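So the structure is just underneath, and the comments pick up after that.
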Amino acid sequence: MDLESFSTKWFALYYSALAISLIGTGGYIILKKNKIANYLIDKADHEKPPALLIRVLKYLFFFTLPGLVLSFTPFSWIELLFTIWGLFVVYIAGLQLVRWEQSRTLIKTNQQLPNIIKKSGAIMVAVGSAIFLLAYLVIIRHPMS
């Protein structure tokens, strides 16, 4: 298997898995916004950020990193921009965990937390749908044999 074929299969699988995860998690968050809000409020009482969020960011980082290299074989602006965007999302979310003292204060005092969580879930569903379109574009551009 050549590197170009591997790259195509990687992005098709990565986009599909990420899209399914985002749509499923976003839907769950929309439906269980109060449960998620209570979870965050409970975790805001701890001095360390939630291990679940750290784990999610770690895996997202480790699965996005190969995309940075593979976006150059063959070179694709779409994959490169998506990978940079993914790393940027990890960076911004990581900043919130690094600044956990401030974040947890905001979580505790925000009365609109369930609505913010619901909007975040809707954004996840929308982004997941767009990522499915990226998977479709990869498969159409480079049919797998």
Side-chain angles (χ1 to χ4, degrees), residues 5-144:
S5 174
F6 179 76
S7 176
T8 300
K9 290 177 182 177
W10 170 262
F11 278 109
L13 180 65
Y14 176 61
Y15 286 157
S16 299
L18 187 59
I20 290 168
S21 297
L22 284 172
I23 291 171
T25 304
Y28 179 81
I29 286 172
I30 291 169
L31 295 174
K32 302 288 187 176
K33 66 180 185 263
N34 291 324
K35 185 176 181 179
I36 304 292
N38 291 335
Y39 170 80
L40 286 175
I41 291 168
D42 178 54
K43 293 301 178 181
D45 290 332
H46 298 87
E47 289 191 23
K48 291 186 176 183
L52 177 64
L53 296 178
I54 294 170
R55 198 172 314 127
V56 167
L57 286 178
K58 180 175 65 174
Y59 284 118
L60 184 59
F61 175 74
F62 285 129
F63 281 101
T64 303
L65 209 50
L68 189 60
V69 174
L70 293 173
S71 64
F72 291 101
T73 54
F75 182 74
S76 171
W77 279 106
I78 294 171
E79 277 78 24
L80 181 61
L81 290 174
F82 178 81
T83 303
I84 291 170
W85 172 80
L87 292 172
F88 183 70
V89 167
V90 170
Y91 174 74
I92 296 297
L95 279 179
Q96 300 310 312
L97 295 180
V98 168
R99 299 178 183 159
W100 182 244
E101 282 301 316
Q102 293 87 4
S103 297
R104 69 190 202 131
T105 302
L106 290 172
I107 290 170
K108 289 180 190 178
T109 60
N110 194 335
Q111 300 298 319
Q112 297 296 318
L113 191 59
N115 290 333
I116 293 169
I117 290 170
K118 183 178 178 181
K119 288 177 187 175
S120 298
I123 290 169
M124 290 172 73
V125 170
V127 169
S129 301
I131 293 173
F132 259 134
L133 292 174
L134 285 174
Y136 176 75
L137 284 175
V138 167
I139 293 168
I140 294 300
R141 249 191 346 235
H142 306 283
M144 292 180 263

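On a predicted model such as this, the values are computed, not experimentally measured, just so you know.
- The structure places CD1 of I41 at 10.0 Å from OG1 of T109, a figure rounded to the nearest 0.5 Å.
- Aromatic ring orientation, Y59 versus F63: tilted (interplanar angle from 30° to 60°).
- In this structure, K119 places its NZ atom where only 12 or fewer heavy-atom neighbours from other residues, nucleotides or ligands lie under 6.0 Å away.
- Distance alone, capped at 3.5 Å, is enough to place a donor-acceptor pair between the S103 side chain and the Q96 backbone.
- For the pair R104 (side chain) and K43 (backbone), a donor-acceptor distance under 3.5 Å is absent.
- Applying the side chain to side chain donor-acceptor pair (under 3.5 Å) test to S76 and every residue at least two apart in sequence or in another chain returns E79.
- Between L133 atom CG and I140 atom CD1 the span is 11.5 Å, to the nearest 0.5 Å.
- The distance from the CG atom of L97 to the CZ atom of R99 is 11.5 Å, given to the nearest 0.5 Å.
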- Go through the steps for F72 and S7 under the test side chain to side chain contact (heavy atoms under 4.5 Å, CB included), then give the verdict. CA-CA 9 Å; F72 291 101; S7 176; over 6 Å; no
- Task: Just do the side chain to side chain contact (heavy atoms under 4.5 Å, CB included) check on T83 and F11 with the steps written out, would you?
- Result: CA-CA 10 Å; T83 303; F11 278 109; 4.1 Å; yes
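- Looking at T8 and R141, their side chains never come closer than 4.5 Å, going by heavy atoms from C-beta outward.
- Sorted by first and then second residue, the ring-ring contact (aromatic ring centres under 6.0 Å, His included) pairs involving residues 81-105 (not counting sequence neighbours) are Y15-F82, F82-W85.
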Which atom pairs, one a donor and one an acceptor, fall under 3.5 Å between side chains of residues 17-40 and the rest of the protein, sequence neighbours left out?
residue : atom : partner : partner atom : Å
S21     : OG   : A17     : O            : 2.9
T25     : OG1  : S21     : O            : 2.8
N38     : ND2  : N34     : O            : 3.2

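- To the nearest 0.5 Å, atoms OG1 (T64) and OH (Y14) are separated by 2.5 Å.
- Formation of a donor-acceptor pair under 3.5 Å by the T73 side chain with backbone atoms of L70 is found in this model.
- With values rounded to the nearest 0.5 angstrom, I139 atom CD1 is found 11.0 Å from L134 atom CG.
- Within a 6.0 Å radius of CZ in F61, other residues, nucleotides and ligands contribute 12 heavy atoms or fewer.
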